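Quantities reported herein were computed from a predicted structural model and do not represent experimental measurements.
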Number of protein chains: 2
Amino acid sequence: MSKKSNSKVLAGLERVGGFASAQELHLVLNRDSESIGLTTVYRALQSLVDEKAVDILRKEDGEAIFRLCGATHHHHLVCKSCGKTVEIEGGVIEKWAEQSGAENGFRDIGHTAEIFGICAAC
Amino acid sequence: MSKKSNSKVLAGLERVGGFASAQELHLVLNRDSESIGLTTVYRALQSLVDEKAVDILRKEDGEAIFRLCGATHHHHLVCKSCGKTVEIEGGVIEKWAEQSGAENGFRDIGHTAEIFGICAAC
DNA sequence: ACCCATAATGAAAATGGTTGTCATTTTCAT
DNA sequence: ATGAAAATGACAACCATTTTCATTATGGGT
């Protein structure tokens, strides 16, 4: 029976495309006339993380954000002043993360990377 | 005046040696007859992070943990399970950030990058 | 079809780390 | 010493997440 909520949540994550917090996901799902409780969203996310269908990360403020596992991910170049965001290729980073992790005996390696600065317009 | 609490907190971090949460730090400090409030510990940690004297990371449950920051700019490889941390050289990243930023007309470029995984012992 | 055990659901309350409030205290320059 | 400004800390507010618990759906055995 958890199957149903799990697939709703997966659908939500697909719709969102990138990262989403549990609460955002709950909003999105209910906005689209999917009636699902916040508790259930949390439980579905937890079980999806357990079965490694979903990645969990932490924002700087500690809030958990989730994304589909294996979704191609990119990095962001964000303007500290106006918030303008550019998507960046990160092939170098993937390799760096993989290699650094492996060298130190780590497995299940993931990473986060953001670049920030002031854009030309600001 | 924040100087005093900041140095108390720094002393606490030295005594602890590695990572400590704000609450642990508060306990340690008061156990050692340093009278300091929890609020002040949080504020001191925040300002130390701002002035880059202290690193902040997140445990898996989202709790913030802090430690003294070495002078050299490095990145971290963190075990998602036990919190073990390895410092990583990030020369590649610096270049990647600089270049990606410049290509898009950004200035004052900074970046964050963390690698995480499961360490050999876990 | 009909029970019934079991799992799933979600509203509401509890938890716990973190941050905001504000009255009080300390510091420092004059 | 005195007043302004910064610092402090007890307490309350906040908010993401978890727990509780009563209700509802599911599905296998008869």
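Grouped with B:Ile118 in a hydrophobic cluster is no other residue, since no side-chain heavy-atom contact under 4.5 Å to another Ile, Leu, Val, Met, Phe, Trp or Tyr is found. Residues near A:Leu27 contribute nothing to a hydrophobic cluster around it, because no ILVMFWY side-chain heavy atom sits closer than 4.5 Å to its side chain.
Remark: A:Glu89 engages no residue in a salt bridge (charged side-chain N to carboxylate O under 4.0 Å, His left out) (not counting sequence neighbours). Under the rule for a salt bridge (charged side-chain N to carboxylate O under 4.0 Å, His left out), the partners of B:Glu34 that lie at least two apart in sequence or sit in another chain are B:Lys8. Contacts of B:Asp61 classified as side-chain contact (heavy atoms from CB on, under 4.5 Å), with partners at least two apart in sequence or in another chain: B:Lys59, B:Glu63. By the side-chain hydrogen bond (donor to acceptor under 3.5 Å, both in side chains) test, B:Arg15 pairs with B:Asp32, sequence neighbours left out.
Summarising the geometry, atom CG belonging to B:Leu57 is positioned 11.0 Å from atom CD belonging to A:Glu60; distances are rounded to the nearest 0.5 Å.
Contacts classified as salt bridge (charged side-chain N to carboxylate O under 4.0 Å, His left out) and involving residues 46-56 of chain A (residues at least two apart or in different chains) are given here: A:Asp55-A:Arg67.
Judged by distance alone, with hydrogens and angles left aside, the side-chain atoms of B:Ser100 form no donor-acceptor pair with the main-chain N or O of B:Ala97 at under 3.5 Å.
The distance from atom CG of B:Leu57 to atom P of C:dG17 is 18 Å, rounded to the nearest whole Å. Summarising the geometry, the separation between CD on A:Glu60 and C1' on C:dT18 is reported as 15 Å, rounded to the nearest angstrom. Taking atom CD on B:Glu63 and atom C1' on C:dT15, their separation rounds to 13 Å, with Å as the unit. Counting to the nearest Å, the P atom of D:dC15 and the CD atom of A:Glu24 are 15 Å from each other. For the pair B:His26 NE2 and C:dG16 P, the computed distance is 17 Å after rounding to whole Å. Atom pair A:Phe19:CZ and D:dA16:P shows a separation of 18 Å (rounding to whole Å applied). C:dG16 atom C1' lies 12 Å from atom NZ of B:Lys59, rounded to whole Å. One interatomic measurement links the two molecules: CD1 of B:Ile36 to P of C:dT25, which rounds to 18 Å at whole-angstrom precision.
For A:Lys4, no side-chain nitrogen or oxygen approaches OP1 or OP2 of C:dT9 to under 4.0 Å. For C:dT9, one of the phosphate oxygens OP1 or OP2 lies less than 4.0 angstrom from a side-chain nitrogen or oxygen of A:Ser5.
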Exercise. Could you summarise the pairing of DNA chain D as dot-bracket text, marking Watson-Crick and G-U pairs under 3.5 Å with ( ) or [ ] inside the strand and | across strands?
Key: ||||||||||||||||||||||||||||||
Which atom pairs link the protein and nucleotides 19-21 of chain C when you take only N or O atoms and keep those under 3.5 Å?
from	atom 1	to	atom 2	distance (Å)
C:dG20	O6	B:Thr39	OG1	3.4

